[in-house]
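Structure, as structure tokens:
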Amino acid sequence: MIEARHLRILRAVAGTGSFSAAARELGCTQPAVSQQMKALEQSAGTPLLVRAGREMRLTQAGEALVRHAAGILAGLTAAEEEVAAIAGLRAGRVRLVSFPSGSSTLVPTALAAMRAEHPGTRISLVEAEPPRSVEMLRDGDCDVALAFRYAGSDPAGPGSGGAGAPAAEGWEDLVVRPLLTDRLVGLVPAGHRLAGSASVRMAELADEPWIAGCPRCRRHLVEVCEDAGFTPRIDFATDDYPAVAGLVGAGLGVAVLPELAVESVRAKGVSTLAVEPAVEREVVALTLPDLARVPAVAATLAELERAAAR
């Protein structure tokens, strides 16, 4: 195997014409240069230098190796500089995937801080709900996934335990960075009999028409309502949080949304109420163990934590 240090010494010998001059140029001893050249010739399987009087001259194989050495060493230097830039956060890339309400609340603050602190780091963003976002992380399609899980529910979605599975099941192979606890909030039309109340129990909404959110949130809504003793009559379902608020504001039903989702929409004609007993979901940032050691990924996780703490 030809090593970069051998190539550097060979170039020095070719440029100076002797082992002793190459040693002075490289800041080492003449025996060390001689030893390294013997090791290089053994690796190459052919003589690379011949002595001509007081000078060392290159063989044909030596000339070929020196010719290639320039490009090899230049490429290695460029690679070392690029890696050093990434390690020092002067360069790098982070691919972030987030669910919509996280994209409109936590992500902007975190990315603005990253741009201010580390302008050389490029961050891209795409949206996906869990479990799709978690699949993207495992498949190598992103570096950080902003996700959520409901208390007592399986974070990986259907097919891996279902409701009632341990909350951590399905994420054991990932680095899980908790960000915040997001409580569900009740939404009723402004003219509703419960509008203006501080809180509402789910059972009080048993006879109401419901507007449901994303498929996973919809499943959780049914579970929460069934725990309260009824099955919700879902008249409308949409993945769009502003649409949920708009339908409630138009008097077409009631809904529950996470607080982050309520923060991300301008709900007109809607009254919000705390849901009792509290129904919560945990918002987390996920990455792979090896990626967690990458400086740009670690910095992104730290900024997401700071954004959640504000």
Side-chain angles (χ1 to χ4, degrees), residues 1-96 111 113-126 136-144 173-175 287-303:
M1 180 179 294
I2 297 175
E3 299 182 21
R5 60 192 175 118
H6 293 159
L7 294 178
R8 290 190 176 99
I9 292 174
L10 178 63
R11 290 189 68 197
V13 172
T16 61
S18 71
F19 285 174
S20 56
R24 288 192 297 271
E25 181 178 296
L26 296 171
C28 59
T29 65
Q30 187 271 339
V33 171
S34 178
Q35 183 180 8
Q36 295 299 320
M37 285 300 91
K38 287 180 181 178
L40 178 57
E41 287 183 328
Q42 289 177 352
S43 297
T46 186
L48 301 173
L49 297 161
V50 293
R51 184 175 294 278
R54 295 183 178 180
E55 289 189 357
M56 301 297 297
R57 293 182 181 175
L58 296 170
T59 65
Q60 184 178 0
E63 290 175 351
L65 194 53
V66 168
R67 187 169 63 252
H68 287 288
I72 293 169
L73 294 174
L76 183 59
T77 298
E80 289 171 344
E81 290 177 353
E82 184 173 348
V83 170
I86 293 171
L89 290 173
R90 301 190 306 276
R93 177 195 67 178
V94 177
R95 296 166 300 165
L96 174 64
L111 297 198
M114 281 292 294
R115 177 169 291 184
E117 294 293 326
H118 311 293
T121 299
R122 295 181 293 107
I123 303 181
S124 62
L125 171 67
V126 296
M136 291 175 66
L137 178 62
R138 289 196 175 105
D139 290 344
D141 295 328
C142 70
D143 305 305
V144 177
D173 59 323
L174 305 177
V175 174
T287 191
L288 297 171
D290 289 341
L291 287 173
R293 297 194 294 270
V294 175
V297 171
T300 302
L301 293 174
E303 292 300 345

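Every value quoted in this text rests on a predicted model; they were computed, and no experiment measured them.
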Enter the distance from [X]:[atom1] to [Y]:[atom2] here, rounded to the nearest 0.5 Å.
X: E303; Y: E117; atom1: CD; atom2: CD; value: 6.5 Å
X: L291; Y: L137; atom1: CG; atom2: CG; value: 7.0 Å
X: E3; Y: R8; atom1: CD; atom2: CZ; value: 11.0 Å
X: R11; Y: E25; atom1: CZ; atom2: CD; value: 9.5 Å
X: I72; Y: L65; atom1: CD1; atom2: CG; value: 7.0 Å
X: H6; Y: L48; atom1: NE2; atom2: CG; value: 11.0 Å

Minimum heavy-atom separation for [X] to [Y], with atom names?
X: P295; Y: A87; result: CG-O, 3.4 Å
X: A299; Y: L89; result: CB-CD1, 4.2 Å
X: P47; Y: T59; result: O-OG1, 2.8 Å
X: A14; Y: V66; result: CB-CG2, 4.2 Å
X: A298; Y: A292; result: CB-O, 3.7 Å
X: T16; Y: A22; result: OG1-N, 3.3 Å

Between [X] and [Y] (side chain of the first, backbone of the second, donor and acceptor by atom type, cut-off under 3.5 Å), is there such a pair?
X: T287; Y: D143; answer: yes
X: E41; Y: L49; answer: yes
X: R138; Y: L174; answer: no
X: T77; Y: L73; answer: yes

With a cut-off of 6.0 Å (strictly less than), are more than 12 heavy atoms of other residues, nucleotides or ligands near CD of E80?
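Enclosed.
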
So does Q35 have more than 12 non-hydrogen atoms from other groups sitting under 6.0 Å from CD?
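Count not over threshold, so no.
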
Out of L125, V144, L111, which residue meets the side chain to side chain contact (heavy atoms under 4.5 Å, CB included) rule with V94?
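Per the side chain to side chain contact (heavy atoms under 4.5 Å, CB included) rule, the option paired with V94 is V144, out of L125, V144, L111.
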
